[in-house]
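Structure first, commentary second.
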Amino acid sequence: MKNEWNARTKMVHGGTQRSQWGEVSEAIFLTQGFVYESAEAAEARFIETGPDEYIYARYGNPTVAMFEKRIATLEGAEDAFGTASGMAAVSAALTSMLRAGDHVVAARALFGSCLYVLEEILTRFGVEVTFVDGTDQAQWAEAIREGTKAVFFETVANPTLDVIDIRAVAKLAHAVGATVIVDNVFATPVFSRAIEQGADVVVYSATKHIDGQGRTLGGVVLGSRQFIRKTLEPYMKHTGGSMSPFTAWVMLKGLETIDLRVRAQADSALAMAKALEGHPKLRRVIYPGLDSHPQAALVREQMGKGGTVVSLEIAGGQAEAFRFLNALEIVLISNNLGDAKSIITHPATTTHQRLSDEQRAALGITPGLVRFSLGIEDTDDLIADVMQALDAV
Ligand SMILES: *Cc1c(COP(=O)(O)O)cnc(C)c1O
């Protein structure tokens, strides 16, 4: 594997390690254990595990290691650790480095489970969490203080698609020695340059664009070798949220095609957003790739493209939003995103149902808001489907 390879070559070949059989497609090592040549060899491996040496699949596995190497080289990170789900990655990235008395600053607009980890779990163990409006630099500057241990945010927030300035927040965080942990799902590994822009730790739900075909749950934490091997790995190997070899194989196959899929999805998302802007049945079309997006300049600088998700606010509120969803013929009502199939969801009654009306209002999750994840179907068919469903509203 060569570091000077361009991204699309790394996506196909990065991290590949062949067995003595020289297989073309990566092998799935469906084994939880590994045989030692002698008792002395077992003892030596438990004292120090060398490269290409394994002990137990909860600690590491050759197929999982191929996935970790492939995504690390792609993302420009020194190392990576595969996890059982995106939430295993988010919770481990935070919990592995925090202790009682620590202070964390987080953006308020978060995926529901990320909010739960910060608001309900970490605080139970004595971590203090301050929430800010992630798009407001003054709020970050006020909340980040001497001794703040970490900052956490989704680089593009779910489902309001606010985009947070990684460089600006990282500058404030690094000035007090805080670790910058970002959930980068909506930016995708295709459009991300988060590490180069100042993130110390990048987390993905691989369930989304990396699998990209809705088959498996998985996640990954990326960062410095020191963070991954000395902070995260000890936590993961003893608490049990490791990735399975079969999942790693699905994710390796997903990475092979991610660039083609995500670019096609982003092109469709932009075409859809443009076709819908100004539609009389819509109050708002939110897409980071539109010039009308509040952080349009930042999006161009930070991601280049607007990603694969468009959020729409149906003018008639929840009743009309439901009518719109129910009238769609190609687009599926479900709550995954980044899938090859186009998927739409009504956040206020599903992913963000747990929040109070006030919390939802503060985040801009209105009764008419729908989150639309563009798939790889024909763009014209998708636009026609959405237009006929809007006619039903
Ligand atoms: C889906 C998602 C997660 C959680 O990932 P799972 O694989 O479902 O555990 C975390 N953050 C964001 C932004 C997500 O979209």
Side-chain angles (χ1 to χ4, degrees), residues 64 67 71 80-95 106-122 134 151-164 166 181-192 194 199 201-222 236 239-244 246-248 250-251 254-255 258 262 265 269 286 288 303 307-311 334-339 341 343-347 350-355 363 365 369-374:
V64 178
F67 166 69
I71 182 125
F81 199 95
T83 60
S85 69
M87 283 321 303
V90 169
S91 60
L94 289 163
T95 313
R108 195 175 290 115
L110 293 174
F111 179 69
S113 299
C114 295
L115 187 64
Y116 186 84
V117 167
L118 285 153
E119 205 172 29
E120 308 286 337
I121 300 180
L122 291 178
V151 302
F152 179 83
F153 55 96
E154 291 174 9
T155 53
V156 182
N158 175 14
T160 49
L161 310 181
D162 289 336
V163 180
I164 296 181
I166 301 173
I181 305 175
V182 302
D183 179 330
N184 215 25
V185 165
F186 281 62
T188 82
V190 175
F191 301 129
S192 164
V201 178
V202 176
V203 177
Y204 285 105
S205 164
T207 313
K208 312 293 166 54
H209 306 82
I210 295 176
D211 175 341
Q213 292 180 64
R215 299 162 293 196
T216 51
L217 279 178
V220 64
V221 183
L222 298 122
M236 288 304 301
T239 57
S242 308
M243 178 176 268
S244 87
F246 178 74
T247 296
V250 173
M251 299 308 178
L255 284 176
I258 192 171
V262 164
Q265 288 167 286
I286 310 169
M303 288 161 59
T308 65
V309 176
V310 178
S311 289
S334 186
N335 38 261
N336 192 16
L337 61 94
D339 199 281
K341 296 180 172 70
I343 285 175
I344 202 154
T345 190
H346 183 252
T350 60
T351 53
H352 293 71
Q353 189 188 85
R354 191 180 67 81
L355 304 187
L363 294 176
I365 302 171
L369 190 78
V370 299
R371 186 192 74 194
F372 182 6
S373 167
L374 279 288

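Numbering of ligands and ligand atoms starts at 1, following listing order. Note that the structure is a prediction, hence the values are computed from the model and not measured.
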Can you find a heavy atom in the side chain of Thr95 that is under 4.5 Å from one in the side chain of Leu122? yes

Looking at Asp162 and Ala157, would you say the former's side chain and the latter's main chain have a donor-acceptor pair under 3.5 Å? no

Tabulate distances under 3.5 Å between N/O atoms of ligand 1 and N/O atoms of the protein, writing both atom names on each line.
{"unit_1": "ligand 1", "atom_1": "5 (O)", "unit_2": "Ser205", "atom_2": "OG", "d": "3.0"}
{"unit_1": "ligand 1", "atom_1": "7 (O)", "unit_2": "Gly86", "atom_2": "N", "d": "2.8"}
{"unit_1": "ligand 1", "atom_1": "7 (O)", "unit_2": "Ser205", "atom_2": "OG", "d": "2.8"}
{"unit_1": "ligand 1", "atom_1": "7 (O)", "unit_2": "Thr207", "atom_2": "OG1", "d": "2.6"}
{"unit_1": "ligand 1", "atom_1": "9 (O)", "unit_2": "Gly86", "atom_2": "N", "d": "3.1"}
{"unit_1": "ligand 1", "atom_1": "9 (O)", "unit_2": "Met87", "atom_2": "N", "d": "2.8"}
{"unit_1": "ligand 1", "atom_1": "11 (N)", "unit_2": "Asp183", "atom_2": "OD2", "d": "2.6"}
{"unit_1": "ligand 1", "atom_1": "15 (O)", "unit_2": "Lys208", "atom_2": "NZ", "d": "2.8"}

Main-chain N/O of Asp339 paired with Gln265 side-chain donor or acceptor, under 3.5 Å: yes

Rounded to the nearest 0.5 Å, what separation is found between the CG atom of Asn335 and the CZ atom of Arg371? 7.0 Å

Donor-acceptor under 3.5 Å (Thr83 side chain, Gly219 main chain): yes

Hey, are the side chains of Thr155 and Phe186 touching, using non-hydrogen atoms and a 4.5 Å cut-off? no

